[in-house]
Peer 1: 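Have a look at this one before I ask anything.
Nothing here was measured: the structure is a model prediction, and the numbers come from that model. Throughout, protein chains are lettered first and strands after them, A, B, ... in sequence-line order, and every chain is numbered starting at 1.
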Number of protein chains: 2
Amino acid sequence: MAPRRATLSDVAQEAGVSMSTASVVFSGKTKVSDATRDRVLAAATALGYTGPDPMAASLRRGRSGIVAVVLEGQLREAFLDPVTIPMMDGLADGVASLGAGILLLRDDPTEDGASALTTAPVDAAVLIGCSTRTRSSLDVLRSRGLPVVVIEGDAGEGIPRITLDNREAAAEIARHVRHLGHTDVVAVTLATDSRRERGGISPDRLARATVDVTVDRLGGVRDVYPDAPAISAATSSIDEGLIAGRALLGAPASRPTAVLAQSDLLAVGVIRAAEEFGLRVPQDLSVAGFDGVRVDGIGDHVLTTMVQPAVEKGRAAGEQVARMLRGEPAASLHFTCLFRAGTTTAPRRP
Amino acid sequence: MAPRRATLSDVAQEAGVSMSTASVVFSGKTKVSDATRDRVLAAATALGYTGPDPMAASLRRGRSGIVAVVLEGQLREAFLDPVTIPMMDGLADGVASLGAGILLLRDDPTEDGASALTTAPVDAAVLIGCSTRTRSSLDVLRSRGLPVVVIEGDAGEGIPRITLDNREAAAEIARHVRHLGHTDVVAVTLATDSRRERGGISPDRLARATVDVTVDRLGGVRDVYPDAPAISAATSSIDEGLIAGRALLGAPASRPTAVLAQSDLLAVGVIRAAEEFGLRVPQDLSVAGFDGVRVDGIGDHVLTTMVQPAVEKGRAAGEQVARMLRGEPAASLHFTCLFRAGTTTAPRRP
DNA sequence: TTGTAAGCGTTATCAT
DNA sequence: ATGATAACGCTTACAA
């Protein structure tokens with residue numbers, strides 16, 4: 001039934017040329033006379049040959065044209081963060097120069113040793129949000145001798161990182177709010193550690209925090225408002241922002257006049273909580289976010305936020321990977337956020 | 001500097017065994033005495049050998065262990081639909097039996113012929129939401145002789161499909177609303193074609209519609225409410241739902257008492273529009289969605305909706321792919337939605 | 001249980 | 001511009 005698929009050697013034979021010539025017709029590495037090219041192509045069509053077998057080519061070249069993206073746990077979790085998706089887009093662009101695709105690998109701790117990490121034919125890997133859990137994945141990849149780049153995480157000695165000016169950016173937006181005259185400011189933060197506990201962040205808790213992004217962004221706020229209280233959300237979502245907002249705005253006496261959220265989603269939740277309490281944003285309450293992602297569902301508001309270059313971060317990771325594969329030295333890259341004035345912050349009312 | 005990486009033959013030599021024995025130690029295909037296994041493993045560690053080269057193994061086996069997922073356009077677009085992500089999770093599970101990973105391929109129409117589709121070392125492919133644009137991708141994949149499965153789309157003769165009972169499900173939720181006594185019902189639909197035009201859907205426009213999901217779900221509604229007006233949103237998002245909701249609820253005279261949205265996101269937007277007009281949901285307006293995804297930001301509401309088995313759809317696609325790769329016959333699979341009563345629908349007020 | 005040997009389908013090198 | 005040939009690193013009958 002299934003007649004063995006045609007190979008390059010079949011095509012060469014049919015066209016009456018050597019394998020090398022046929023190969024070159026498809027790779028374009030060398031000049032070939034138009035006449036022979038046409039003959040080869042015709043033979044290929046006749047035999048239903050659609051081009052060199054990718055696995056054979058990979059073996060020979062030593063390249064598969066695939067870059068792995070290692071994500072923690074379920075894809076659902078990883079993609080919960082709305083910056084992840086544009087970042088992947090950028091990454092796809094960044095590795096496009098290699099003609100490479102992106103292989104999604106779940107960093108599943110339940111795997112027995114021989115996970116896909118060890119057996120996947122990839123040229124390089126990008127780790128996103130490298131945590132202690134991904135740490136072992138890193139070791140596997142490194143021992144395979146694969147180039148690795150880490151986005152928003154510290155992988156240790158000599159591994160190129162793509163980082164963000166979280167602290168400075170947080171400070172910048174805090175200064176914006178201070179400039180508007182606000183003095184009663186509260187920070188709504190992302191999770192401080194993997195326990196994802198909601199609630200106020202005591203100095204003790206802060207000292208134990210393991211999520212750099214959270215610590216850094218809070219640090220930025222406190223560079224400007226050293227005494228700003230902080231309340232942690234469990235995850236970055238509108239609902240969590242709503243919960244934090246309710247906790248924060250429930251008691252009129254202790255109400256802040258501005259809230260600095262560590263993500264846009266949290267900010268939207270806080271705005272929604274404000275609406276519940278009949279507070280107008282920005283007249284009664286200023287709310288700022290972080291990330292600058294497209295947030296669905298805030299209607300006519302434009303969130304005041306720090307826009308992070310998500311696509312560029314991904315692209316940069318891809319480009320560093322590409323460099324390493326070309327044998328060029330790769331660098332760690334640091335990105336900065338851009339302040340975006342929106343309609344959700346306003347001067348403190350007299 | 002970079003001393004050639006150790007190969008299996010190096011390890012075998014070091015351990016004083018044959019290549020085949022060494023190979024078998026890593027693959028576990030055959031029994032090996034504990035003594036020799038230990039020797040081989042020791043040799044491997046000594047030489048820094050981390051296991052068989054995936055590309056070489058792929059070539060030899062004729063399998064790469066990679067399944068491609070072909071998405072239209074930017075990843076951002078593809079992942080805009082919140083059912084896509086759980087579906088990918090299911091897919092990852094479904095192909096796990098192959099030890100396979102998922103390769104994200106963008107179906108980029110700007111590519112010149114030699115796209116990643118032709119050169120990626122994949123064993124099979126899954127097309128999501130197969131449209132006319134993805135149609136050419138399909139041809140490429142087919143001509144490579146790769147097994148292909150299509151989710152929510154029609155790929156034609158003999159290609160296994162994963163489908164959903166869109167029409168029946170839409171009819172079911174419409175019956176629920178009718179049972180509550182509603183007679184003035186409007187449908188808010190997804191895009192009818194790639195032009196993504198907002199606004200009322202005339203019979204003419206419906207006849208020209210190319211998006212099956214939209215047509216089917218509307219058909220289901222009209223099985224119950226033959227004369228229900230329909231208004232199209234440009235995409236499935238809260239903001240689009242808001243826009244449609246405003247258009248629908250602005251004029252008190254012609255206000256429906258129930259809205260059937262074709263996605264949960266649209267439904268949330270409609271609810272928000274209702275809030276803007278001071279309408280209480282569900283007392284003044286019943287709103288139902290479709291999909292049953294976790295929607296962030298509707299606070300205490302639980303959306304009345306048809307829950308579609310997104311994860312299962314993905315898993316099924318993965319399993320069919322796995323079957324085809326084992327040479328077993330693959331089947332098209334049809335999934336059904338489950339009605340979920342929420343707090344956003346209520347009896348029509350007398 | 002272990003060894004022998006034949007490929008898998010390319011591409012790269014070198015010669016012509 | 002084209003051709004001969006040797007790898008690439010492994011898996012798997014099959015033989016011992």
Peer 1: Given 3.5 Å as the limit, does a donor-acceptor pair link the side chain of B:D123 with the main chain of B:S64, or not?
Peer 2: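 Present.
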Peer 1: Going 5' to 3' along DNA chain C, which are the first and last nucleotides with any atom under 4.0 Å from a heavy atom of chain A?
Peer 2: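 Taking any atom under 4.0 Å from a heavy atom of chain A, the span is C:dG9 to C:dA12.
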Peer 1: Using a strict heavy-atom distance below 4.0 Å, which residues from residues 35-43 of chain A are in contact with DNA chain D?
Peer 2: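 Within this stretch, A:T36 sit under 4.0 Å of the strand.
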Peer 1: Taking the side chain as everything from C-beta on, heavy atoms only, tell me whether A:D53 gets closer than 4.5 Å to A:L8.
Peer 2: no
Peer 1: With a 4.5 Å cut-off on side-chain heavy atoms, are B:L164 and B:P309 touching?
Peer 2: yes
Peer 1: For the pair B:D193 and B:T210, evaluate side-chain hydrogen bond (donor to acceptor under 3.5 Å, both in side chains) and give the outcome as yes or no after the intermediate values.
Peer 2: CA-CA 5 Å; B:D193 54 47; B:T210 57; 5.6 Å; no
Peer 1: Near DNA chain C, under 4.0 Å by heavy atom, which residues of residues 57-67 of chain B?
Peer 2: B:L59, B:R60
Peer 1: Donor-acceptor pairs are to be reported for all side-chain atoms of residues 78-88 of chain A against protein atoms at under 3.5 Å, with residues two or more places apart or in another chain.
Peer 2:
from  : atom 1 : to    : atom 2 : distance (Å)
A:D81 : OD1    : A:V83 : N      : 3.1
A:T84 : OG1    : A:A78 : O      : 3.1
A:T84 : OG1    : A:D81 : O      : 3.2

Peer 1: Sequence neighbours left out, what passes side-chain contact (heavy atoms from CB on, under 4.5 Å) with B:M324? Give chain and number order.
Peer 2: B:P147, B:V149, B:P160, B:A330
Peer 1: How many Å lie between CG on A:L8 and C1' on D:dC8, as a whole number?
Peer 2: 16 Å
Peer 1: Would you mind reporting whether A:V321 and A:V126 have side-chain heavy atoms less than 4.5 Å apart?
Peer 2: yes
Peer 1: In whole angstroms, how far is the C1' atom of D:dA1 from the CG atom of A:D34?
Peer 2: 12 Å
Peer 1: Give me the residues of residues 15-26 of chain B where at least one heavy atom lies under 4.0 Å from an atom of DNA chain D, by number, or none.
Peer 2: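 Only B:M19, B:S20, B:S23 qualify.
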Peer 1: With heavy-atom distances below 4.5 Å as the criterion, would you say the side chains of A:L117 and A:L105 are in contact?
Peer 2: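 They are in side-chain contact.
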Peer 1: Quick test of your reading: applying side-chain hydrogen bond (donor to acceptor under 3.5 Å, both in side chains), list the pairs with at least one residue in residues 11-23 of chain B, sequence neighbours left out, ordered by first then second residue.
Peer 2: B:S18-B:S20, B:S18-B:T21
Peer 1: Within the side chain of A:R106, is there an N or O that forms a donor-acceptor pair under 3.5 Å with the backbone of B:G101?
Peer 2: no
Peer 1: Mind calculating the distance between NZ (A:K29) and C1' (D:dA1) to the nearest angstrom?
Peer 2: 18 Å
Peer 1: By salt bridge (charged side-chain N to carboxylate O under 4.0 Å, His left out), which residues pair with B:R142, not counting sequence neighbours?
Peer 2: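 None.
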Peer 1: Under 3.5 Å between N/O atoms: give me all the protein pairs with nucleotides 14-16 of chain D, atom names plus distance.
Peer 2:
none

Peer 1: In whole Å, what is the span from the CG atom of B:D10 to the P atom of D:dG9?
Peer 2: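 That distance rounds to 9 Å.
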Peer 1: Mind checking side-chain contact (heavy atoms from CB on, under 4.5 Å) for A:S9 and listing every partner two or more places apart, or none if nothing turns up?
Peer 2: A:T7, A:M19
Peer 1: Let me see the working for A:I66 and B:L103 under side chain to side chain contact (heavy atoms under 4.5 Å, CB included), right down to the final yes or no.
Peer 2: CA-CA 8 Å; A:I66 295 182; B:L103 183 69; 4.0 Å; yes
Peer 1: Can you list every pair that meets side-chain hydrogen bond (donor to acceptor under 3.5 Å, both in side chains) and has a residue in residues 309-322 of chain B, with sequence neighbours left out?
Peer 2: B:D93-B:R315, B:E152-B:K313, B:Q308-B:K313
Peer 1: Can you list the residues that meet the salt bridge (charged side-chain N to carboxylate O under 4.0 Å, His left out) rule with A:R61, with sequence neighbours excluded?
Peer 2: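 Counting only residues at least two positions away or on another chain, A:R61 forms no salt bridge (charged side-chain N to carboxylate O under 4.0 Å, His left out).
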